[in-house]
Amino acid sequence: MADKDRVESLLKLADFSWRDYSERRSIEWKTNFALWLALGAFAGFMFEQQAALAIWVKLLSTAVLAVTFLVYTFLWKAEVKERNRSDKKLVQYYWSKVNEELGVEPPLPTPQKPMTHLSQVVITFIVVLLAALSVWA
């Protein structure tokens, strides 16, 4: 394979991995906003309730909210985070191979610690907590 063809192939692989990452992030944010909206609507509905709920309904609602948060955090977010990390590593790998093929030395990137996953989990926890409190209010 000619050098030009190899570089083009590596760039296409990097582009594929980047698009996969980008599409997943888009779905991730849409899912987060939908979950937050649903929890907020539930909390608003519960705050508007005039009649007192039975204790078993309150306990069941709190348990469902807790399970929702645990599934979100330890199944959904953990899987999304791992797949995003994998795609980003692939992109970096392909770009490094392109740099080797071209014989260029890229500048050293500044290390960054994106906090998007942690912030999404914290926001979800706060919204779930508010929803649980609305059940008991």
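The structure displayed is predicted, hence computed values, not measured ones.
Atom CD of Glu101 is separated from atom OG of Ser96 by 10.5 Å, given to the nearest 0.5 angstrom. To the nearest 0.5 angstrom, Ile123 atom CD1 is 10.0 Å from Leu118 atom CG. Interatomic distance, CG of Asp5 versus CG of Leu10, reported as 11.0 Å (0.5 Å rounding).
Annotation: salt bridge (charged side-chain N to carboxylate O under 4.0 Å, His left out) contacts of Glu105 (sequence neighbours excluded): none. Shown here are the ring pair (Phe, Tyr, Trp, His ring centres under 6.0 Å) partners of Trp29, two or more places apart in sequence or in another chain: Phe33. Remark: Tyr21 engages Trp18 in a ring pair (Phe, Tyr, Trp, His ring centres under 6.0 Å) (not counting sequence neighbours). Taking Leu102 as the reference, Val7, Val98, Val104 meet the side chain to side chain contact (heavy atoms under 4.5 Å, CB included) condition, with sequence neighbours excluded. A search for salt bridge (charged side-chain N to carboxylate O under 4.0 Å, His left out) contacts involving Glu8 returns nothing, not counting sequence neighbours.
One finds a salt bridge joining Glu79 and Arg83 here, because a Lys/Arg side-chain nitrogen approaches an Asp/Glu carboxylate oxygen to under 4.0 Å.
Hydrophobic cluster membership is shared by Leu133 and Met46, with clusters built from Ile, Leu, Val, Met, Phe, Trp and Tyr side chains linked at under 4.5 angstrom. Each of Leu37 and Phe45 belongs to its own hydrophobic cluster when Ile, Leu, Val, Met, Phe, Trp and Tyr are linked at side-chain heavy-atom distances under 4.5 angstrom. Leu59 is connected to Phe42 through a chain of hydrophobic side-chain contacts under 4.5 Å among Ile, Leu, Val, Met, Phe, Trp and Tyr, so both are in one cluster. Residues Phe74 and Val122 do not share a hydrophobic cluster, defined by chaining ILVMFWY side chains whose heavy atoms lie under 4.5 Å apart. Val57 is connected to Leu39 through a chain of hydrophobic side-chain contacts under 4.5 Å among Ile, Leu, Val, Met, Phe, Trp and Tyr, so both are in one cluster.
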In sequence, state the C-alpha distance, the side-chain angles, and the governing distance for Thr31 and Lys77, and then conclude on side chain to side chain contact (heavy atoms under 4.5 Å, CB included).
-> CA-CA 11 Å; Thr31 303; Lys77 288 302 293 179; over 6 Å; no
Starting from the C-alpha separation in whole Å, work towards a yes-or-no answer on side chain to side chain contact (heavy atoms under 4.5 Å, CB included) for Leu13 and Leu90.
-> CA-CA 8 Å; Leu13 288 170; Leu90 280 174; over 6 Å; no
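Checking Tyr94 against Asp15 by side-chain atom types alone, no donor-acceptor pair falls below 3.5 Å.
Heavy-atom neighbours of Arg25 CZ from other residues, nucleotides or ligands within 6.0 Å: above the threshold of 12. For Tyr93, the OH atom sits in a loose shell: 12 or fewer heavy atoms of surrounding residues, nucleotides or ligands are nearer than 6.0 Å. Summarising the local packing, NZ of Lys58 is surrounded by more than 12 heavy atoms from other residues, nucleotides or ligands at distances under 6.0 Å.
Glu28 is listed as a side-chain neighbour of Asn84, based on a closest heavy-atom distance under 4.5 Å. At a threshold of 4.5 Å between non-hydrogen side-chain atoms, the residues Tyr72 and Val121 count as touching. Side-chain contact between Leu65 and Leu129 is absent, with no heavy atoms from C-beta onward closer than 4.5 Å.
Side-chain N or O atoms of Ser22 include none that pairs as donor or acceptor with a backbone N or O of Arg19 at under 3.5 Å. Remark: side-chain polar atoms of Thr124 are paired, donor with acceptor, to backbone N or O of Gln120 under 3.5 angstrom.
The nearest pair of heavy atoms linking Ala131 to Ala43 is CA-CB, 3.7 Å. Minimum heavy-atom separation, Ser17 to Val91: CB-CG2, 3.5 Å.
Sorted by first and then second residue, the pairs that involve residues 116-137 and meet ring-ring contact (aromatic ring centres under 6.0 Å, His included), not counting sequence neighbours, are Phe69-Phe125.
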